[in-house]
Amino acid sequence: MTTDYKATLNLPVTKFPMKADLVRREPEIRKRWEGENLYARIRKARKGSGARKYIVHDGPPYPTGDLHIGTGLNKTLKDLIVRYKTMRGYDSPFIPGWDCHGLP
C-alpha cells in the first residue's frame, strides 16, 4: 500500500516550471534583459538629476595571481553595493578601473 503525501503538504503554488531547463530558457532570458536595457535607462534617468554620487571603482579581476573565491566575493559585493545604492536613489555607475588597493 503506497500513500500519496503530496495532497497532505502545504506547499506554495507558483507559476515557475518544475524544471529549470536553462539550456533552452537562458537565451530567452538574456534576450529579454537586453531588450529591457535597464542599466542604460537607469543611467539616463540619473544623468543631470542632481542625485548624490556613490562610486565604487572596480579593479582588475586578478592583478596578483590566479582567480580564487575572494575574487568572486569581491565582484559580488561591489555589484550588490552599486545596485543597493542605485535603488536608494544615488547616482551609482559601474566604473571598471585599475584600482589595485595600493599595489605597485
Does the pair Glu36 and Arg32 meet the rule for a salt bridge (charged side-chain N to carboxylate O under 4.0 Å, His left out), with working shown? CA-CA 6 Å; Glu36 289 175 356; Arg32 188 184 82 228; 3.5 Å; yes
Taking everything shown except Tyr39 itself, do over 12 heavy atoms lie less than 6.0 Å from its OH? yes
Within 6.0 angstrom of Ile69 CD1, more than 12 heavy atoms from elsewhere: no
Side-chain heavy-atom pair Val56, Ile95 within 4.5 angstrom cut-off: no
Check whether any side-chain heavy atom of Val82 sits under 4.5 Å from a side-chain heavy atom of Tyr54, and report yes or no. no
Between Asp79 and Lys75, is there a side-chain N and carboxylate O pair less than 4.0 Å apart? no
If every non-hydrogen atom of Ala51 is compared with every non-hydrogen atom of Gly89, which pair is closest and at what distance? CB-O, 3.4 Å
Minimum-distance pair of heavy atoms, taken over all atoms of Ala20 and Arg25: O-CD, 3.4 Å
Once rounded to the nearest 0.5 Å, what's the spacing between atom CZ of Phe94 and atom NE2 of His57? 11.5 Å
How long is the straight-line distance from CD1 of Ile42 back to CZ of Arg46, given to the nearest 0.5 Å? 6.5 Å
Out of Arg52, Arg43, Lys85, which residue meets the salt bridge (Lys or Arg N to Asp or Glu O under 4.0 Å) rule with Asp91? Arg43
Check whether Ser92 reaches the backbone of Ile55 with its side chain - one donor and one acceptor, N or O, closer than 3.5 Å. no
